[in-house]
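Reminder, nothing fancy here: chain letters follow the sequence lines and each chain counts from 1.
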2 protein chains.
Amino acid sequence: MLYPLGFWERSMPYTPEHKQKTRRKIVRSAARLFNRKGFAEVTIGEIMTAAGLTHGGFYRHFNTKEELYAETVRHFLKKEAPERWQKGPAGPARPDLPFARYVLDAYLSRDHLEDVEGSCPLIGLPSDVAHGGDAVKAAYREVAESMIHVFKSNLKGRAAREQALLLLTLCVGGMVLARAIDDEDLAADLLGTAHKHALTTTGWGDARGR
Amino acid sequence: MLYPLGFWERSMPYTPEHKQKTRRKIVRSAARLFNRKGFAEVTIGEIMTAAGLTHGGFYRHFNTKEELYAETVRHFLKKEAPERWQKGPAGPARPDLPFARYVLDAYLSRDHLEDVEGSCPLIGLPSDVAHGGDAVKAAYREVAESMIHVFKSNLKGRAAREQALLLLTLCVGGMVLARAIDDEDLAADLLGTAHKHALTTTGWGDARGR
DNA sequence: GTCTATACATTGATAGAC
DNA sequence: GTCTATCAATGTATAGAC
């Protein structure tokens, strides 16, 4: 039954901008939780609570859990992503080194290994993606292609694309293994080897400052 | 209430050997299903039905679903694993090439890409493992170390271990990405690049016959 | 050792109020 | 746009019979 002049119509307490802000809070909360626990182990209620909201409100922003998941993956490319992927070099400026070198350093770093919640989604849930639906896979591919692009634009010659694919493989392979293996030394060895090899192959310099 | 001479005591219809056989059926069924759908998306009932058994009987073999999962990962090292990993070269014998070369070929092959159910567990559920318990991670590490061992024992010199780590990273990274990306060409490129690079680095020969 | 039946908890999704 | 309340489905684990 309708009520001609209820609280809602009278006051209009929420603006479209507010909705966008809320939506972003949900996505950020979800990104952390999915990375930490995996897709299936996270509940809608959990995500909403962590975002300071309640369970029921979720469905005014997303139709399904998987739809949120896809947006979460894609969200990594936006500015809300952890600062590690935005800023340039941490130490003194090194204009002689290409930007992609910093991405590589950050990717295969101990920081990234330990920052599970802020992880690149390529690492966080690769198997959930492989079992997921079309939207999720499309988002995953977007992120992968974005990384390939960054690497490729800092490489020259005919082999640029091939080398970029190789770098992506080293990044993802090294970090996936390091995260799954409960042996600190072996994990560090895997990351170090991948990093060193990537630098050797591209000629982007030695491993100093890693 | 007890029944002094019931059907069970009278006939003893199941032998210990039979139990082992049943257990193995459960593990094999689980391995396929976990690889196909992911840990959380598979139910005990599903596993048991696929094994030709019923839900309730599960708990006479395993205490929890995760315990079964750990055994499933480790199971890959046993003889029940798909034949791809057991047999040597598919084509004509090539005694000039090391055995590890065949493992590498098989790992980064289109067959492995498409055979999701029979996949190496290092690929099938890396993120589920990263979020899993100690037993699961230990099993995962065992498989990883086993692969490192195979590669390493076919390499010479001081850099043998480092190269073995690199090969593992290329195998896992290439296949994880290829499985998660819904673009056949890009997936094939990733596998091909990783394979080619692995062969170049180790000097195990060209990519002929892949 | 395996089966049927069921208790019990969880959770994705909806309905309706404000 | 968000909240409370609730439904319906699913799934882990247990109990007891044979």
Side-chain angles (χ1 to χ4, degrees), chain A residues 1-27 29-30 33-34 37-72 128 132-133 135-136, chain B residues 1-27 29-30 33-34 37-70 128 132-133:
Chain A
M1 176 194 171
L2 297 178
Y3 37 98
L5 254 176
F7 168 75
W8 170 242
E9 285 78 3
R10 237 183 298 114
S11 56
M12 187 60 160
Y14 301 110
T15 67
E17 290 76 32
H18 180 249
K19 180 170 188 185
Q20 275 303 323
K21 228 174 131 182
T22 300
R23 186 187 170 97
R24 236 170 302 173
K25 280 203 297 190
I26 296 174
V27 171
S29 161
L33 283 165
F34 281 147
K37 306 175 61 176
F39 178 74
E41 285 74 11
V42 174
T43 69
I44 310 274
E46 223 175 337
I47 293 167
M48 296 300 277
T49 300
L53 300 166
T54 52
H55 186 174
F58 174 81
Y59 295 90
R60 298 288 162 173
H61 295 273
F62 301 95
N63 287 315
T64 68
K65 190 181 172 186
E66 184 158 327
E67 189 179 309
L68 166 64
Y69 184 29
E71 175 137 341
T72 296
D128 288 329
V136 176
Chain B
M1 177 192 171
L2 298 177
Y3 38 98
L5 254 177
F7 169 74
W8 170 243
E9 286 77 2
R10 238 184 296 115
S11 56
M12 187 60 160
Y14 300 111
T15 66
E17 290 76 31
H18 179 248
K19 178 169 188 185
Q20 275 303 324
K21 228 174 132 181
T22 300
R23 187 186 170 95
R24 237 170 301 172
K25 279 202 296 189
I26 296 174
V27 171
S29 161
L33 283 165
F34 282 147
K37 305 177 61 174
F39 177 74
E41 284 75 11
V42 174
T43 70
I44 310 276
E46 223 175 337
I47 294 168
M48 295 300 277
T49 300
L53 300 166
T54 53
H55 187 176
F58 174 80
Y59 295 90
R60 299 286 163 174
H61 294 274
F62 302 95
N63 287 315
T64 68
K65 190 180 170 186
E66 183 158 328
E67 190 179 306
L68 165 64
Y69 184 28
D128 288 329

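- Considering all non-hydrogen atoms of both residues, A/Glu41 and B/Ala40 come closest at OE2-CB, 3.5 Å.
- With a 4.5 Å cut-off on side-chain heavy atoms, A/Asp128 and B/Asp128 count as touching.
- When the nearest nucleotides of DNA chain C are assigned to A/Glu41 and A/Gly56 by heavy-atom distance, the more 5′-ward of the two goes with A/Glu41.
- Mapped onto DNA chain C by nearest heavy atom, A/Thr43 and B/Met48 fall at different nucleotides, with B/Met48 at the one closer to the 5' end.
- Contact record, A/Phe58 with A/Met48: N-CE, 3.3 Å, taken as the closest heavy-atom pair.
- Atoms CZ (B/Phe62) and C1' (D/dT14) sit 18 Å apart, rounded to a whole Å.
- Screening A/Ile44, A/Ile47, A/Asn63 against A/Leu68 for a side chain to side chain contact (heavy atoms under 4.5 Å, CB included) leaves a single residue, A/Ile47.
- Here the side chain of B/Thr64 is nearest to one of C/dT11, C/dA13, D/dA13, namely D/dA13.
- One can place CZ of B/Arg23 at 14 Å from C1' of C/dG1, the figure rounded to the nearest angstrom.
- Within the 4.0 angstrom heavy-atom criterion, base atoms lie near B/Thr54.
- A/His55 has its NE2 atom 16 Å from the C1' atom of C/dG16, to the nearest Å.
- Per the geometry, OH belonging to A/Tyr59 stands 4 Å off P belonging to C/dA13, to the nearest Å.
- Across all strands shown, A/His61 has heavy atoms under 4.0 Å from sugar-phosphate atoms exclusively, and none from any base.
- Shown here for A/Phe62 and A/Glu67, the closest heavy-atom pair between the two residues is CA-OE2, 3.9 Å.
- Closest to the A/Leu53 side chain, of the nucleotides D/dT12, D/dG16, D/dT2, is D/dT2.
- Summarising the geometry, the separation between CZ on B/Phe58 and C1' on D/dT14 is reported as 14 Å, rounded to the nearest angstrom.
- Atom CD1 of A/Ile26 and atom P of D/dT2 are 7 Å apart (whole Å).
- In this structure, A/Ile44 places its CD1 atom 11 Å from P of C/dT14, rounding to the nearest Å.
- Atom CD of A/Gln20 and atom P of D/dT2 are 11 Å apart (whole Å).
- Side-chain proximity of A/Arg60 to D/dT2, C/dA13, C/dT2: nearest is D/dT2.
- Under 4.0 angstrom from either OP1 or OP2 of C/dT2 there lies at least one side-chain N or O belonging to B/Thr22.
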